[in-house]
Amino acid sequence: MIPAPTGATRLCVIIGDPIAQVRSPAGVTAAFAARGHDGILVPAQVSAADLADFLSVATRLKNLDGIVVTIPHKFACYQACASATERAHFLGTVNLMRRRADGAWHGDMVDGLGFVGAARARGIDPRGMRALLVGAGGAGSAIALALVEAGVSDLAVHDSATGRRDGLIGRLNGLGKAPVRIGSEDPAGFDFVANATPAGMKHGDPLPVDVARLAPSAYCGCVITKPEISPFIAAARKAGCVTGTGTDMYEQHQGIMVDFLLGRDG
């Protein structure tokens, strides 16, 4: 049973716009209790226009220990961090911020770990696979890095924001691991297809790829948590593909998030 909050309860917030789709407040709060930490995670809907004002106030709140970051704030919040992990620096984005002893923020980006972890939980090892990633935003860039580090043989990246896409491709190719190139909406020939866009959160959104071209043997993963079964995942299942949902991704990285927020990730 989760203890009722008191005046001594430590606070973490998850910020985004929209925010109603997030799954983490209950899970992270329960995980805090299971680890003997008197803390809660609460959602806050913060627009991009209001982010700077929010962070200014958040930095001055004495009982606020951490911030979980979701769409569309991951790149901007990286800029607010005084320090960050190597992967966050490489990507220029964060989805976690932890209060340092001096009151400044330390950031990390673990979306990619959760996404690849969800695939592995389904018995899918990305090593040696040809992968297509749709979406080169905060989550997408982290997934791209995680796939390259997991040993994919080839990664194609598709994003209508061509500057962001090309910048990510260039950084990943600089690692000298897997070849990374421009992709498209055509998933034919790929073993691993990842949707890292919000396409499917709203009724009538177009599908991120041409699902008629999916191979039944392909693994399909999605970052969307609401609806839990996104239209892309539903179509992939109909095609016979093994799938991983945004909720599966969250479940894989909840423990990593909690370790980071509690400073137990070292």
Side-chain angles (χ1 to χ4, degrees), residues 5 9-25 28-29 32 39-114 135-145 159-168 171 196-199 201-202 223-226 246 250 253 256-258 260-263 265:
T9 299
R10 305 302 298 179
L11 179 64
C12 290
V13 298
I14 177 167
I15 60 171
D17 188 21
I19 199 67
Q21 78 281 0
V22 298
R23 304 280 185 178
S24 49
V28 170
T29 299
F32 282 157
I40 59 174
L41 177 68
V42 296
Q45 186 167 358
V46 180
S47 71
D50 292 331
L51 180 63
D53 287 341
F54 170 84
L55 291 172
S56 176
V57 172
T59 300
R60 300 196 296 271
L61 295 179
K62 303 295 187 183
N63 64 338
L64 178 64
D65 295 335
I67 302 173
V68 180
V69 185
T70 188
I71 190 170
H73 302 314
K74 295 178 182 181
F75 289 101
C77 282
Y78 169 76
Q79 300 297 327
C81 291
S83 61
T85 61
E86 183 177 346
R87 63 176 161 249
H89 279 314
F90 177 83
L91 296 165
T93 181
V94 298
N95 74 324
L96 298 172
M97 300 166 66
R98 179 178 71 217
R99 180 88 68 179
R100 306 194 319 184
D102 64 359
W105 297 106
H106 176 67
D108 197 1
M109 169 47 93
V110 303
D111 281 343
L113 304 182
S141 61
I143 292 166
L145 177 61
D159 195 304
S160 58
T162 56
R164 184 171 65 184
R165 175 201 67 195
D166 294 347
L168 176 62
R171 291 197 305 279
T197 76
M201 287 180 63
K202 296 178 181 178
V223 299
I224 292 172
T225 56
K226 190 174 182 180
Y250 165 71
H253 74 208
I256 301 169
M257 292 168 58
V258 172
F260 178 86
L261 292 170
L262 296 179
D265 55 320

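The chain is numbered in sequence order, starting from 1. Being a predicted model, the structure only gives us computed values, none of them experimental. Values reported hereafter were calculated over all heavy atoms of this structure, with side chains retained and with hydrogens, waters and symmetry mates removed.
Rounding to the nearest 0.5 angstrom, the gap separating the CG atom in Asn95 from the CD1 atom in Ile15 is 11.0 Å. To the nearest 0.5 Å, atoms SG (Cys81) and CG (Asp108) are separated by 9.5 Å. In this structure, NE2 on His106 lies 10.0 Å from CG on Leu96, to the nearest 0.5 angstrom. If you take CG on Leu145 and CE on Met109, they are separated by 10.5 Å, rounding to the nearest 0.5 Å.
Applying the side-chain hydrogen bond (donor to acceptor under 3.5 Å, both in side chains) test to Thr197 and every residue at least two apart in sequence or in another chain returns Asn195. Residues satisfying the side chain to side chain contact (heavy atoms under 4.5 Å, CB included) criterion with Ala136, sequence neighbours excluded, are Val157, Asp159, Arg164, Leu168. With sequence neighbours left out, the side chain to side chain contact (heavy atoms under 4.5 Å, CB included) criterion links Leu113 to Arg87, Val110, Ile256. Scanning for salt bridge (charged side-chain N to carboxylate O under 4.0 Å, His left out) contacts around Arg165 gives an empty result, with sequence neighbours left out. Listed by chain and number, the residues in a side chain to side chain contact (heavy atoms under 4.5 Å, CB included) with Thr9 are Pro5, Thr6, Asp38, Ile40 (sequence neighbours excluded). Residues satisfying the side chain to side chain contact (heavy atoms under 4.5 Å, CB included) criterion with Ala52, sequence neighbours excluded, are absent altogether. Under the rule for a side-chain hydrogen bond (donor to acceptor under 3.5 Å, both in side chains), Thr29 has no partner lying at least two apart in sequence or in another chain.
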For residues 67-74, run the donor-acceptor check on the side chains, cut-off 3.5 Å, and write out each pair with its distance to 0.1 Å, sequence neighbours left out.
from, atom 1, to, atom 2, distance (Å)
His73, NE2, Val46, O, 2.6
Lys74, NZ, Asp111, OD2, 2.4

Without placing hydrogens or testing angles, list every side-chain donor-acceptor pair under 3.5 Å for residues 58-65, not counting sequence neighbours.
from, atom 1, to, atom 2, distance (Å)
Thr59, OG1, Leu55, O, 2.8
Thr59, OG1, Trp105, NE1, 3.1
Arg60, NH1, Ser56, O, 3.1
Arg60, NH1, Ser56, OG, 2.8
Asp65, OD1, Arg10, NE, 3.4
Asp65, OD1, Arg10, NH2, 2.7
Asp65, OD2, Arg10, NE, 3.0

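In terms of heavy atoms, Ala199 sits closest to Ile224 at O-CD1, 3.0 Å. Taking all atoms of both residues into account, the shortest heavy-atom contact from Leu51 to Ala76 is CD2-CB, 3.5 Å. For the residue pair Ala196 and Gly140, the shortest heavy atom distance occurs at CB-CA, 3.5 Å. When all heavy atoms of Asp265 and Arg98 are compared, the closest pair comes out as OD1-NH1, 2.8 Å. Here the closest heavy-atom approach between residue Ile19 and residue Pro43 is recorded as CG1-CB, 3.9 Å. For Phe75 against Ser141, the heavy-atom pair with the smallest separation is CZ-OG, 4.5 Å.
Applying the salt bridge (charged side-chain N to carboxylate O under 4.0 Å, His left out) test to pairs two or more places apart or on separate chains, none has a residue in residues 39-48. Here ring-ring contact (aromatic ring centres under 6.0 Å, His included) pairs that include residues 76-98, with residues two or more places apart or in two chains, are Tyr78-His89. Listed by first then second residue, pairs satisfying side chain to side chain donor-acceptor pair (under 3.5 Å) with a partner in residues 12-24 read Asp17-Gln45, not counting sequence neighbours.
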